[in-house]
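Any value given below was found using the heavy atoms of this structure, including those in side chains, with hydrogens, waters and symmetry copies removed.
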Amino acid sequence: MCCVLLLSACSLAAQNNASTTPVPQFVDVAPQVGLTVSHLASQEQHYIVESMGGGVGFFDCDNDSRLDIVVTNGSSVDRYRAGGDLMVTIYHQGADGKFTNITEQAGVTVKGWGMGVAVADFDNDGNLDLFVTGYGHSVLYRGLGNCKFEDVTEKAGLGGITGFATGAAWGDYDRDGHVDLFVSRYVHVDMNHLPAFGSDEKFCRFKGVLVQCGPWGMPGEGDYLFHNRANGTFEDVSKKAGMDDPQHRYGLGAIWTDCDNDGWPDLFLANDAGPNFLYHNRHDGTFDEVGMLAGVALGDDGQELGSMGVDFADYDHDGKLDLFVTNYTDQVDNLYRNLGGGAFSDVSWPAKLGQPSYRYVKWGTGFVDFDNDGWVDIFVNNGHVYPQVDAIPNSPGYKQPMQMFRNNHDGTFEDISKASGVFEMPPESRRGAAFGDVYNDGNMDILVLNIGQPPSLLINKTRNSNHRIAFHLIGTKSNRAAIGARVAIHAARVMQFNEVRGGGSYLSQNDLRPHFGLGAADKMDTVEVFWPSGQTELLRDVPADFIYTIMEGKGITARVPLSPPLKPDPSASAATEKR
């Protein structure tokens with residue numbers, strides 16, 4: 001396939017000098033812009049179902065080119081037994097940059113216990129649809145336009161999803177132009193027979209302190225793969241495709257990506273307290289689970305890890321997608337470098353990501369170019385699952401800081417958590433994280449779920465002279481939302497690429513528009529789009545600093561200017577720039 005040739009033959013050597021751009025700066029504006037609905041959680045969290053939190057998402061629910069927001073609401077055992085809570089809250093962004101809670105008007109009123117979100121256009125009607133995972137049941141909301149939705153779960157054949165559903169990811173695994181749905185499940189929880197707090201000495205203690213039981217010692221649940229029949233309904237093909245997980249591992253973050261550049265989407269699944277899965281697409285509707293062979297199932301010492309959040313990107317510009325996975329406390333996060341040929345190598349320690357991550361419990365994450373220098377950085381959400389850890393001497397605590405790592409352009413990362421401001425924000429126990437350009441200014445922002453609190457919206461206030469670009473892709477022969485499409489750009493002798501994904505991070509949804517920083521380059525020599533249908537589109541000499549709409553088969557159909565980059569400010573310090 002031509003994309004394989006491009007990525008292997010056209011990957012150009014990048015300059016190995018660290019960025020001279022000032023450190024990106026963030027400020028939490030959630031209260032000021034109207035994100036005020038609190039996530040629901042019990043204070044003591046005596047049961048595992050109460051501690052896993054949930055995800056958040058960015059998506060444009062009314063096609064006005066402004067990102068709207070969805071946040072899962074959570075619940076508690078007592079509240080769930082009493083009927084549950086609205087599974088999500090939807091906020092609409094107005095022209096003034098503020099958000100309005102439109103949950104009731106939008107029709108997303110199913111109650112339960114919301115966990116994760118993933119967005120796609122499953123019926124190719126031009127309106128984005130929303131899938132919500134949850135304990136007990138999950139929901140498929142079909143977009144009707146203008147941020148209105150209808151519950152089509154039963155009609156679509158997804159009413160049989162039971163148990164503790166967590167991660168969700170849309171991907172067109174058979175490339176027929178209609179997105180399919182993967183759903184991961186976690187532990188088996190019987191709400192009528194919950195383990196008494198601290199009842200099992202082996203699996204209900206942490207460093208000597210009584211805590212909730214599990215996941216160790218608890219039965220897990222299998223996963224689902226649903227094939228889109230292209231008539232508004234789905235077929236359960238989990239077992240036939242080889243993705244039902246008969247061992248019942250504890251599934252969490254899921255993400256589709258073409259990790260071997262063969263043009264077909266594969267799926268990575270982060271499993272808690274067990275080996276991770278990498279499902280390789282065999283191009284015939286079935287998959288081989290190759291996590292162990294590929295080197296992404298375990299840590300570099302062969303340890304089974306407590307994996308939570310996931311993302312893929314080409315952090316070193318070698319034309320291959322690398323994998324980042326967040327893990328439990330006293331475990332490092334894993335940066336798996338893609339070696340090609342189906343093999344990965346855990347380079348967490350050489351990349352200088354091991355020591356800073358070790359103490360925390362890590363969740364939502366993403367590869368994002370926060371300073372637009374052309375190299376993706378890393379963000380990580382942290383927060384413990386046990387409120388009781390505050391009683392343990394020298395513990396990092398239940399509420400923990402966020403972290404950010406800047407790409408040094410040489411295979412290593414610098415901890416800029418404090419300099420960027422994210423570390424200094426009030427600590428919380430956080431879970432999902434999503435990434436997007438909220439105000440279409442070319443800077444990537446962060447949406448964060450805080451357990452028992454309203455979400456945080458971290459706006460990227462960085463102003464520098466770097467150029468940037470974003471793409472809104474519309475499929476015609478491919479699925480309408482272009483899930484699985486790949487954009488590759490060449491600028492300033494560097495090749496960058498990434499994909500449109502429906503679901504990722506930790507149970508969350510990122511902005512569907514691929515974003516790239518360009519550094520000093522004010523144009524791209526080439527832009528190439530590889531559509532899931534197999535069609536490719538090549539554009540030349542494309543100016544920077546726009547959001548381009550590209551329709552499959554028609555090229556650029558619209559462009560919206562981003563805020564112009566600033567000229568360097570000689571009075572700005574090395575750590576920050578004035579705004």
Side-chain angles (χ1 to χ4, degrees), residues 39 41-54 74 76-77 115 135 164 166 186-191 193-221 248-253 270-276 298-299 301-309 325-334 354-365 380-403 427-432 449-453 506-507:
H39 176 265
S42 66
Q43 186 173 358
E44 295 179 335
Q45 297 184 20
H46 283 170
Y47 308 105
I48 193 168
V49 68
E50 295 181 318
S51 67
M52 299 307 292
S76 67
V77 167
M115 285 297 301
Y135 171 77
F164 196 172
T166 50
Y186 193 52
V187 298
H188 177 73
V189 176
D190 184 345
M191 198 62 73
H193 298 89
L194 293 169
F197 180 71
S199 60
D200 187 311
E201 290 296 310
K202 182 177 181 181
F203 297 117
C204 308
R205 282 187 179 272
F206 178 77
K207 298 186 177 181
V209 174
L210 286 174
V211 296
Q212 62 180 255
C213 301
W216 303 273
M218 300 183 73
E221 296 186 317
H248 291 185
R249 298 292 186 181
Y250 309 139
L252 290 173
N271 287 318
D272 191 5
N276 299 320
L298 309 170
D301 59 356
Q303 180 185 8
E304 293 183 350
L305 302 171
S307 298
M308 320 283 194
V325 184
T326 58
N327 294 309
Y328 190 58
T329 186
D330 297 337
Q331 300 171 1
V332 304
D333 291 332
N334 299 120
Q355 190 275 334
S357 66
Y358 186 79
R359 302 182 69 214
Y360 301 116
V361 179
K362 291 81 66 178
W363 303 84
T365 190
V380 179
N381 255 354
N382 300 315
H384 218 292
V385 291
Y386 309 134
Q388 296 79 14
V389 299
D390 288 338
I392 300 175
N394 300 317
S395 163
Y398 174 66
K399 297 182 177 182
Q400 299 177 356
M402 297 173 282
Q403 293 178 291
E428 296 288 350
S429 187
R430 299 179 169 96
R431 298 295 184 267
L449 185 134
N450 303 311
I451 293 290
Q453 300 290 334
Y506 177 73
L507 320 187

Point to revise | Distance, nearest 0.5 Å, that separates CG of L305 from NZ of K362 | key: 9.0 Å

Revision key, fill the gap. Shortest non-hydrogen pair, A391 vs P393, comes out as O-CD, 3.6 Å

**Study point:** T326 side, atom OG1; Q331 side, atom CD - distance, nearest 0.5 Å
**Key:** 10.5 Å

Review point. For H46 and E50, which heavy atoms make the closest approach, and how far apart are they?
Key: N-OE1, 3.2 Å

Point to revise | Closest approach of V209 to Q388 (non-hydrogen atoms, all atoms of both residues) | key: CG1-CB, 3.8 Å

Exercise for review: Answer yes or no: is there a side-chain heavy-atom contact under 4.5 Å between M115 and F164?
Suggested key: yes

Exercise for review: If the plane angle is over 60° it's perpendicular, under 30° parallel, otherwise tilted; pick one for H384 and Y328.
Suggested key: perpendicular

Revision key, fill the gap. Result for side-chain contact (heavy atoms from CB on, under 4.5 Å) between N382 and one of E428, Q403, R359, M402 points to Q403

Review point. What's the verdict on side chain to side chain contact (heavy atoms under 4.5 Å, CB included) for D330 and K207, showing C-alpha distance, side-chain angles and the deciding distance?
Key: CA-CA 12 Å; D330 297 337; K207 298 186 177 181; 3.2 Å; yes

Review point. Any side-chain heavy-atom pair from M308 and V361 closer than 4.5 angstrom?
Key: yes

Review point. Do T166 and M52 come close enough that some side-chain heavy atom pair is under 4.5 Å?
Key: no

Review point. What closest approach, in Å, do S307 and N327 show between heavy atoms, and which atom pair accounts for it?
Key: OG-OD1, 2.7 Å

Check your understanding: E221 versus V187: any side-chain heavy-atom pair under 4.5 Å?
Key -> no

Practice item. Would you name the heavy atoms of Y250 and P215 that are closest together and state the gap between them? Key: OH-O, 2.9 Å

Study note, to complete from the structure: All heavy atoms of G214 vs all of Y386, minimum pair found to be O-OH, 3.9 Å

Check your understanding: Mind checking whether Y360 and V380 have side chains closer than 4.5 Å, heavy atoms only?
Key -> no

Check your understanding: Where the side chain of N381 meets the backbone of R431, is there a donor-acceptor pair that is under 3.5 Å apart?
Key -> yes

Practice item. For residues V189 and Y47, determine if any side-chain heavy atom of one lies less than 4.5 Å from a side-chain heavy atom of the other. Key: no

Point to revise | Spacing of C213 atom SG and I48 atom CD1 [to the nearest 0.5 Å] | key: 9.0 Å

Practice item. Can you spot which of F206, Y398, W363 makes a side-chain contact (heavy atoms from CB on, under 4.5 Å) with V385? Key: W363

Exercise for review: May I have the step-by-step check of side chain to side chain contact (heavy atoms under 4.5 Å, CB included) for Y186 and L252, ending in yes or no?
Suggested key: CA-CA 6 Å; Y186 193 52; L252 290 173; 3.6 Å; yes

Study note, to complete from the structure: When rounded to the nearest 0.5 Å, the distance separating CG of N276 from CG of L298 is 8.0 Å

Review point. In terms of heavy-atom contacts, does CD of Q303 have more than 12 from other residues, nucleotides or ligands at under 6.0 Å?
Key: yes

Review point. E304 versus P275: any side-chain heavy-atom pair under 4.5 Å?
Key: yes

**Study point:** Min side-chain heavy-atom separation H39-N450 under 4.5 Å
**Key:** no

Check your understanding: How many angstroms lie between atom CG of D333 and atom OH of Y358, to the nearest 0.5 angstrom?
Key -> 12.5 Å

